[in-house]
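In what follows, chains carry the letters A, B, and so on, assigned in the order in which the sequence lines appear, proteins first and then strands, with residues in each chain numbered from 1.
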2 protein chains.
Amino acid sequence: MKRASIKDIARIAGVSVATVSYVLNKKEGHRIGEDTKKKIFEVAETLNYTPNRIARSLQNNKSKLLGLIVADISNDFYSSIARNLENKALKLGYTLIIGSSDENAEKFEKLIDLFSQQQVDGMIVAPVAGCEDILQKLLDRNYPLVTIDRYLKGVNAPGVILNNREIAETTTQFLIDKKFDKIVYVGYETKLQHLLDRQKGFEASVKDSTSDIDAKYIMVGLENISGEVHAEMEKVIGKNPKNTALYFSSNKLAVAGLEYLIKNSIKVPQQVSVLAFDETEAYKLFPAEITYIKQPLEEMADEAIKLLDFQISDYTATSKKITLSGDLIIKKSIK
Amino acid sequence: MKRASIKDIARIAGVSVATVSYVLNKKEGHRIGEDTKKKIFEVAETLNYTPNRIARSLQNNKSKLLGLIVADISNDFYSSIARNLENKALKLGYTLIIGSSDENAEKFEKLIDLFSQQQVDGMIVAPVAGCEDILQKLLDRNYPLVTIDRYLKGVNAPGVILNNREIAETTTQFLIDKKFDKIVYVGYETKLQHLLDRQKGFEASVKDSTSDIDAKYIMVGLENISGEVHAEMEKVIGKNPKNTALYFSSNKLAVAGLEYLIKNSIKVPQQVSVLAFDETEAYKLFPAEITYIKQPLEEMADEAIKLLDFQISDYTATSKKITLSGDLIIKKSIK
DNA sequence: CTGAAAGCGCTTACAG
DNA sequence: CTGAAAGCGCTTACAG
């Protein structure tokens, strides 16, 4: 069934399409007769008329579509971000189109191209390693863009970010003060700046410490997180660790590490204390509630959408970064 | 910066827009001179031309957009579905626009309206209670639509579904054979058919059983799942249950229930055995690996997209349901 | 081998 | 108080 158009309404109501458009969009300054208005609304109603936004988009060059590119929408962290963004976007009349990059620059570029062809009004992206040029090209075209979660050195894009270095530093200090024999940082081998910043924060606290700390590092790739974490933990803390702290730089790493602890019946916090970046529902089922760094997702979404909406309505090249603070949520996983 | 249009290319290459369109879309049957083609490609390249899909959409009445409405995109189950759908959709040249209904029929309708105005070519929806009329209206307009995860009685929509009743029946039987003193079904107070089917399957197995089974039911609302589950479990199994089995009809319920077990140091499977519908990463961190019913998400996504794509290219009113089988993944949580 | 022209469903400056 | 007309960026049947 073909849907009714403004033309159909005009024909049936016996007026011009212009008048219909004015009335339906409630444009002021076109003093149109009350009875004409009423007639138009009636006809629109009986025809079940709904506007074709595609046509409107073509005309005003605004699609009311926002593109969201994350690493993987099935990841807890990103699906929560997506949910928060969805809520905020909807309030401003935008709908979200989503894509997962799988940390792959080529796929990332394909999504950017696709979304740009779909004429999204702006994009919110979690950049992947090696996508600097892709983003730069977009910015050169004055495309409204906001980065989220991550940020790239040398790319002049606005974004909302976490105070990764600072929160890593203070939370590491918190661990140091507990006088562990050994503190293990579990992170990714990566070029992603936000992760490097977490590591730098950790390193800084360790270095500044007056006491002597045995700091170890477990660094894994993205391919086989669980397997690598387990193998490395075996080497670094073994089956029967004592007075040791684990610092996980992401929820995925934490889940992998906690799995190891479970399998080897290592007690938390009696033998090992645990601190992790980011939340995940999984923590709920670990015998000891996990101490974690909570990112203010709702606020992030809010700021990201605001930033983007501003860019859309009034583009200005800027690399304005909004930095939000993580919160350490202290639970029983630390002695 | 305004993006280049086909018109710009035509002007610079000194040909007509029609020719440009033919060449860039590689339309056959328009034997166009090789040098003209080359010229056009060159100009397109230097202008960084990318097609405006909005304009194309308006012309051929195909937006290449698919709407996905789930209860909540931040829920593990739905974000996994979304991810699988995204992959399949991309392969067919579609992009996904998403919305969360929060189990709210009004919000569901708003999303339907919005997506329909955005001219999505079709929708994949997990219906909410009370949305029968909304979907029926859509179907009356011959809107391509596929339901997923859930299904509504009396609405003539195609969909892909799980064999909820059967899998619930056989898995309950599996529990019954283990001779528990008590079997507790944990479900939702709901009108959602797929959940009722799970319950019916459970009830059927209990009823058919030759042995006498003490079957109990914990039914909770959607408002405060965790709180209600904990309170009811306290009443039904107490702090020190023995030879009891818990049958959770969703992963959310399972997480809530397992939390209760953890908090009360109830041993799985020594005291209580556990079986749950659907996966979630959280199971990984429970001391005993959880036995669960795995839905074939990838296959579901595949079938849903195929069904929808078929409806889009050749609409036929149908209530064709594709039923896929769940798999019981047996782990250590059952004695 | 190529182009002029209509049309997709809207919006909006202009005219009356 | 209302309408004729141009135009957004494409596609495509038709003509030559």
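Atom NZ in A:K38 sits roughly 17 Å away from atom P in D:dC1 (whole-Å rounding). To the nearest angstrom, C1' of C:dG16 lies 15 Å from CD1 of A:I32. Between the CD1 atom of B:I6 and the P atom of C:dA5 there is a distance of 17 Å, given to the nearest Å. As a whole-Å value, the separation of B:R11 CZ from C:dA4 P is 15 Å. The nearest whole Å value for the distance from the CZ atom in B:R53 to the C1' atom in D:dC10 is 13 Å. As rounded to whole Å, 9 Å separates atom P of D:dC1 from atom CD of A:E34. Rounding to whole angstrom units, CG of residue B:N60 and P of C:dC8 are separated by 13 Å. Between the P atom of D:dT12 and the NZ atom of B:K62 lies a distance of 12 Å, rounded to the nearest Å.
The gap from the C1' atom of D:dT11 to that of C:dT2 amounts to 16 Å, rounded to the nearest Å. Comparing D:dT12 with C:dC1, their P atoms sit 22 Å apart, to the nearest whole Å.
Annotation: of the two residues near DNA chain C, B:L58 and B:V17, the 5′-most nearest-nucleotide partner is B:V17.
Comparing D:dG9, D:dC10, C:dA5 against the side chain of B:A18 picks out C:dA5 as the nearest. The side chain of A:S16 has D:dG3 as its nearest neighbour among C:dT11, D:dG3, C:dG9.
By the 6.0 Å contact criterion, CD on A:E106 is open, its count of non-hydrogen atoms from other residues, nucleotides or ligands being 12 or less. Within a 6.0 Å sphere centred on CD of B:Q136, heavy atoms belonging to other residues, nucleotides or ligands number more than 12.
Counting any heavy atom pair closer than 4.0 Å across all strands shown, B:S5 reaches sugar-phosphate atoms only and no base atom. A:N61 comes within 4.0 angstrom of nothing in the nucleic acid, heavy atoms only. Note on A:S57: nothing from the nucleic acid sits closer than 4.0 angstrom, heavy atoms only.
A distance-only check finds no donor-acceptor pair linking the side chain of A:N75 to the backbone of A:D72 [under 3.5 Å]. Remark: side-chain polar atoms of B:R83 are not paired, donor with acceptor, to backbone N or O of A:I73 under 3.5 angstrom. Of the possible donor and acceptor atoms, one in the side chain of B:S57 sits under 3.5 Å from a partner among the backbone N and O of B:K62.
Within the structure, every side-chain polar atom (N or O) of B:Y22 is placed at least 4.0 Å from both OP1 and OP2 of D:dA13. Contact between the side-chain N/O atoms of B:T36 and the OP1/OP2 oxygens of C:dC1 is not found at any separation under 4.0 Å. Considering only side-chain N and O atoms, B:T19 lies under 4.0 angstrom from the phosphate OP1 or OP2 of C:dG3. Applying the 4.0 Å criterion to OP1 and OP2 of C:dC8, one finds that A:K7 has a side-chain N or O inside that range. OP1 or OP2 of C:dT11 sits under 4.0 Å from a side-chain N or O of A:S21. For D:dT11, the OP1/OP2 oxygens have a side-chain nitrogen or oxygen of B:N25 closer than 4.0 Å.
There is no side-chain donor-acceptor pair under 3.5 Å between A:Q118 and A:S63. Using a 3.5 Å distance cut-off with no hydrogens or angles, the side chains of A:Y143 and A:D121 do not pair a donor with an acceptor.
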query: Under a cut-off of 3.5 Å for both distances of each Watson-Crick or G-U pair, what dot-bracket string does DNA chain D give, using [ ] for crossing pairs and | for inter-strand pairs?
result: |||.||||||||.|||
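Within the 4.5 Å cutoff, side-chain heavy atoms of A:N25 are placed close to those of A:R56.
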